[in-house]
K.L.:
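The following block contains the structure, expressed as structure tokens.
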Amino acid sequence: MSYIRKPAVRHPSLQPNKLGLTVRDYEGAMSTLCAGCGHDSITAAIIRTFYEMDIPPHRVAKLSGIGCSSKTPTYFISGAHGFNSAHGRMAAIASGANAANRDLCYIGVSGDGDSLSIGLGHLCHAIRRNLHMLYIIENNGVYGLTKGQFSASTDIGSKSKKGEVNTMPPIDPVLVAISQGASFVARGFSGDKEQLVPLLKTGLHHKGFALVDVISPCVTFNDHEGSTKSYVHTRKHALPLLESDFVPMAEEITISYPEGEARTVRLHDGSTVRFRKVAKDYDPTDRKAVLAYLEEQQLSGEIPTGLLFIDEEAVEMHEEAKTVDGPLTDVPFSDLCPGSAALEKLMSAYR
Amino acid sequence: MTSEQKPEVRINDFAFKLANVNGTGSASANGLLMQAIFRMGIPVSGKNLFPSNIQGLPTWYEVRVNKLGRTARTSEYDLMVMMNAETYAADIREVRSGGYILYDSTWPLNKALEREGVHFIGVPLARMCAETFADPRERTLMKNIIYVGVLAALLHIDMDVVKGMLEEKFKKKPALMQSNQKAIWLGYDYAIKNLEHPLPFRLEKMDATKDCILIDGNTATALGAVYAGATVAGWYPITPSTSVLDAFKVFCERYRVDKETGKKKFCIIQAEDELGAVGMVIGAGWAGARAFTSTSGPGISLMSELVGLAYYAEIPAVIVDVQRVGPSTGMPTRTQQGDIMMCAYNSHGDTKHICLYPANPEECFAFSVKSFDLAERFQTPVFMLTDLDIGMNDWVVPRFKWDDNYKPDRGRVLTREEIEALPVYYRYSPADELGVAARTLPGTHPKGAFFTRGSGHNKLGGYTEVPAQYMEVVDRLAEKHRASRDHVPAPIIEKRPGSTFGVLTVGGCDLACREALALLEEQGYKGDFCRVRGFPFNEEVETFLEEHSQVIVVEQNRDAQLRALLVLETRCPKEKLQSILAYGGFPLQASQVVDGVRAKVRLNKKEG
Ligand SMILES: Cc1ncc(C[n+]2csc(CCOP(=O)(O)OP(=O)(O)O)c2C)c(N)n1
Ligand code: SF4
Ligand SMILES: [Mg+2]
């Protein structure tokens, strides 16, 4: 573990954003992860995302489980309330927090162990609920914090540092999420911030559960030859299906694409995501085709990345439950307690 | 007493049992009986002894009527209504000598079942049904209503009351009303014409339930949560706790839906499991809502992991445990107090929790509200432990009252302005005299942001692995728990002049213990009564223990869990405490306490 201060995350210019905050205002405590850990790059992408999106830090709630990945909320947006909860339980805790206050911007950070083993049930059910949050899995195919055991996302044939070969089929969070009815599913790579930041931005604007699986190599336990989650392997096999740009509502679409090569999906809040097609005929709104395609790719060992699936029609938890528009925490007590007269009346029903 | 002797007449003091088949509609008929007696102004209790099954297995319902309000369970049945041929033999054995047995005489009773010294009353219920009703389902259902009619004649249940109840119940279903009315009179008229009536034990109108209601504890608990202003509930179905959330939903739909927009001022999430459920409660508590979950023992086992997180990170949460028989799946439809220890010290590491122990639905309502106040005042999980008997059976209790001046105790939560005024904010410092530090809610103010963690933290909320810093925080948590003892409900203590021993108990043992002490007094055993209502134990419990040289702890579990908790958490020497334990799964009876005390207390032994 290194305790050296990581180089500050630098934005090209330390220009203040619309709130007058600089990128520094979105940083957190010094990282205590291993030098070169993929998770730190994701932290940097998160910082840039929130800064560029002008989100007031105190309106963010950042939650996590337990693991190296789950430590990272300490390393970004120190002005936000954070909750480093228990191993695998973050999705449940986020569900309750969101139920209480729907107006915050929820971001969850988890690991492949946290999300795909101990917390798989909670994850699947948060997806079913279509909980409005950005949920990032920092996927290194290994249990980092407990020193290198295989995780549920380890691929068949992938070798551990000690030389063991995994023979069990992996749980692919992307496939699980889409088959579970997730409304937003993306995959990125910690080594490709230019792709990752727009994915995170779009995810934050998506109304509902936005799952972003980010391949994030563990330099200490899973970056060797024979590992399918190493930097080298990921760079070689990453298959960007679509390149996407996030276009905020207020902004004009300035980039022009050759005819027929771009496709726009409008998000709930009026902003749009523009896809530039890389893989021919890939349609991220066609669930059936997406599933079939991804399954095929998984078998061939390629790692499709990008915004893989989006469904902007899906109904988010509070809409489904018909909860009041504002946070439940803002409803005054007088609106919650029926009072003595109502009780008096009710009591007659128990005669 | 033999059957030849003319038995003395007993008014408003008897018990009867109904043996039914699960899923045949007997529950509503039996409820009707109980409610009719209640409306006649007579203290009454009904215990549903049901199987873990949806249809087909034997199920029983016991009714006890007692003018003095002694309505704990009793197994001294004066009358048995046998509606299940499969259990005839056992049912006949159970009725007291000289008692009565009502059975369906459509089929002759097997000679082998006959018993000396009891009276058999045959009523051809199935035949009467077949002759009156065409629809097979109706035939099954109405058989129950016919025996209600028969019992009305035999026990002097006021038929006007019954009629009134049926009218209320089937106001909107005239067809059902008609069959029910027909069935009830069919039974009543048959009994008047063909049976010796009334029985020597019978009812007479009283005025003892006028200001009372008939309600189960789970409904009361849910109502308390509504009145306390709980907005978020996470839960997972489990007997005997499910009806808490069912009722919460019904009340919320009634009181918490905005008339104009149709939008709801509550959010109920049926979770993936109990761990998820309590996670939601903790998340909601962290975000500033009053939130709760309700479960039973197996669910608490699952929740343990996160209960420790809420304890250590100091997040309010209310957890209702409607106890059932363990270990493991145990007997899901039977009652016990087997989770006392598990809740008091729930989760790994040094953890101690505030626990409340209501004894009846009235206290379920009050303590449910109290739980939220305590959880927020002390920023910690609060357990409210009821049991299947309290939660699922109907009890006669005083009408609930509400004080409109009630203000929820939200504890120490900083407002935007308060945060703004602070030079710097730390989550766990400074603590007040109760050991509680002010918290901030997410979204309030950038300066109020902090990092909640279940990992080692110092008094400023920062990560630590330094022994002294870690200990400083957990020592304060212990202090905080200690301080809460003056805030949990005080024990109920009843003293008798010249008493020589004490009976100390908890929760649903209340009625049986108080009845037992009254009976024991008649036999020369004078004992004082103490029912603890909260953990940590407050000073009054200590005093009670000090004042008595012999204290008998009555509880419904095998391992004397309350006694163990007293040994651990009070100054009382272990030798002073003896146990009466009832853990078979049925609610406690006074006779069990009487027998236990007589075996343990030596008469004319003076207090010293
Ligand atoms: C109930 C429980 N079991 C086990 C652990 C130990 N544990 C801590 S982190 C971890 C695995 C983390 O793996 P992952 O989520 O992939 O995170 P990474 O460290 O790889 O980023 C385990 C098993 C725990 N904290 N809690
Ligand atoms: S062990 Fe692996 S996952 Fe953990 S900090 Fe080090 S490199 Fe990152
Ligand atoms: Mg991992």
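Quick caveat: nothing in here was measured; it's all calculated off a predicted structure.
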K.L.:
With a 4.5 angstrom heavy-atom cut-off, could you sort out which part of B:T261 is near chain A: side chain, backbone, both or neither?
P.N.:
neither
K.L.:
Heavy-atom distance under 4.5 Å to chain B: side chain of A:V324, backbone, both or neither?
P.N.:
both
K.L.:
Which distance, rounded to the nearest 0.5 Å, do you find between the CZ of A:F83 and the CD1 of B:I315?
P.N.:
3.5 Å
K.L.:
Heavy-atom distances under 4.5 Å only: say whether A:R128 touches chain B with side chain, backbone, both or neither.
P.N.:
neither
K.L.:
So which part of A:S348 gets closer than 4.5 Å to some heavy atom of chain B, the side chain, the backbone, both or neither?
P.N.:
both
K.L.:
Find the one option among A:N101, A:L346, A:L63, A:V60 whose heavy-atom pairs under 4.5 Å with chain B are most numerous.
P.N.:
A:L346
K.L.:
Check the pair A:I93 / B:M280 against side-chain contact (heavy atoms from CB on, under 4.5 Å), numbers first and verdict last.
P.N.:
CA-CA 5 Å; A:I93 290 173; B:M280 288 162 196; over 6 Å; no
K.L.:
Which one, A:A349, A:A342, A:A61, A:P57, leads in non-hydrogen pairs under 4.5 Å with chain B?
P.N.:
A:A342
K.L.:
Pick from A:A97, A:A126, A:P327: which one has the most heavy-atom pairs with chain B under 4.5 Å?
P.N.:
A:A97
K.L.:
Determine the option with the most heavy-atom pairs under 4.5 angstrom with chain A, choosing from B:A313, B:G234, B:A291, B:C212.
P.N.:
B:C212
K.L.:
Among the options B:K265, B:R290, B:K447, pick out the one with the most heavy-atom pairs lying under 4.5 Å from chain A.
P.N.:
B:K265
K.L.:
Is it the case that B:T444 and A:H81 place a side-chain donor and acceptor less than 3.5 Å from each other?
P.N.:
no
K.L.:
Keeping the roles fixed (side chain from B:R256, backbone from A:L336), state whether a donor-acceptor pair exists under 3.5 Å.
P.N.:
yes
K.L.:
Would you mind telling me which of B:I269, B:D403, B:V396 has the largest number of heavy-atom pairs within less than 4.5 Å of chain A?
P.N.:
B:I269
K.L.:
At a 4.5 Å cut-off on heavy atoms, which part of A:P338 comes close to chain B: side chain, backbone, both, or neither?
P.N.:
both
K.L.:
Picking from A:A100, A:A91, A:G82, which has the most non-hydrogen pairs under 4.5 angstrom with chain B?
P.N.:
A:G82
K.L.:
In terms of heavy-atom proximity below 4.5 Å to chain B, should A:M317 be classed as side chain, backbone, both, or neither?
P.N.:
side chain
K.L.:
Could you tell me which non-hydrogen atom of A:G339 sits nearest to which non-hydrogen atom of B:D404, and how far apart they are?
P.N.:
CA-OD1, 3.5 Å
K.L.:
Heavy-atom cut-off 4.5 Å, strictly under: side chain, backbone, both or neither for A:A94 against chain B?
P.N.:
neither
K.L.:
Under a 4.5 Å heavy-atom cut-off, does chain A meet the side chain of B:L309, its backbone, both or neither?
P.N.:
side chain
K.L.:
Which one of B:G279, B:A287, B:A289, B:P442 has the most heavy-atom pairs closer than 4.5 Å to chain A?
P.N.:
B:P442
K.L.:
Out of curiosity, B:E305 CD to A:S85 OG, how far, rounded to the nearest 0.5 Å?
P.N.:
9.0 Å
K.L.:
Just verifying a value: how many Å separate A:K322 NZ and B:C267 SG, rounded to the nearest 0.5 Å?
P.N.:
12.5 Å
K.L.:
Tell me whether the centres of the aromatic rings in A:F333 and B:Y406 are closer together than 6.0 Å.
P.N.:
yes
K.L.:
Tell me, side chain or backbone of B:Y312 under 4.5 Å from chain A's heavy atoms, or both, or neither?
P.N.:
neither
K.L.:
Using a 4.5 Å cut-off on heavy atoms from C-beta on, say whether the side chain of B:E272 contacts that of A:R129.
P.N.:
yes
K.L.:
More than 12 heavy atoms of other residues, nucleotides or ligands under 6.0 Å from OH of A:Y75: is that the case?
P.N.:
yes
K.L.:
side-chain contact (heavy atoms from CB on, under 4.5 Å) for B:L223 and A:M347? Distances and angles first, verdict last.
P.N.:
CA-CA 11 Å; B:L223 196 57; A:M347 288 296 99; 4.0 Å; yes
K.L.:
With a 4.5 Å cut-off on heavy-atom pairs, point out which of B:V257, B:V278, B:V232 contacts chain A the most.
P.N.:
B:V232
K.L.:
Can you tell me which portion of A:L343 sits under 4.5 Å from chain B's heavy atoms? Options are side chain, backbone, both or neither.
P.N.:
both
K.L.:
Just verifying a value: how many Å separate B:R453 CZ and A:S70 OG, rounded to the nearest 0.5 Å?
P.N.:
12.5 Å
K.L.:
Any carboxylate oxygen within less than 4.0 angstrom of a Lys/Arg side-chain nitrogen, looking at B:K401 and A:E344?
P.N.:
no
K.L.:
Report the C-alpha distance between A:Y350 and B:T219 in whole Å, list the side-chain angles of each, state the deciding distance to 0.1 Å, and finish with yes or no for side-chain contact (heavy atoms from CB on, under 4.5 Å).
P.N.:
CA-CA 11 Å; A:Y350 296 94; B:T219 303; 3.4 Å; yes
K.L.:
Is it the side chain or the backbone of B:L275 that comes within 4.5 Å of chain A heavy atoms, both, or neither?
P.N.:
both
K.L.:
Sort B:V226 into side chain, backbone, both or neither according to what part of it lies under 4.5 angstrom from a heavy atom of chain A.
P.N.:
both
K.L.:
Which residue out of A:D335, A:I66, A:L328 racks up the most heavy-atom pairs below 4.5 Å with chain B?
P.N.:
A:L328
K.L.:
Select, from B:A271, B:G454, B:P446, the one with the greatest count of heavy-atom pairs under 4.5 Å involving chain A.
P.N.:
B:P446
K.L.:
Non-hydrogen atoms of chain B under 4.5 Å away: do they reach the side chain of A:P56, the backbone, both or neither?
P.N.:
neither
K.L.:
What is the distance from atom CG of B:D258 to atom OG1 of A:T323, rounded to the nearest 0.5 Å?
P.N.:
12.5 Å
K.L.:
Does any N or O in the side chain of A:R59 come within less than 3.5 Å of the main-chain N or O of B:G443, such that one atom is a donor and the other an acceptor?
P.N.:
yes
K.L.:
Roughly how far apart are A:S340 OG and B:N405 CG, rounded to 0.5 Å?
P.N.:
9.5 Å
K.L.:
Checking heavy atoms, do the side chain of A:R351, its backbone, both or neither come under 4.5 Å from chain B?
P.N.:
both
K.L.:
side-chain contact (heavy atoms from CB on, under 4.5 Å) for A:C337 and B:W402? Distances and angles first, verdict last.
P.N.:
CA-CA 10 Å; A:C337 179; B:W402 185 254; 3.5 Å; yes
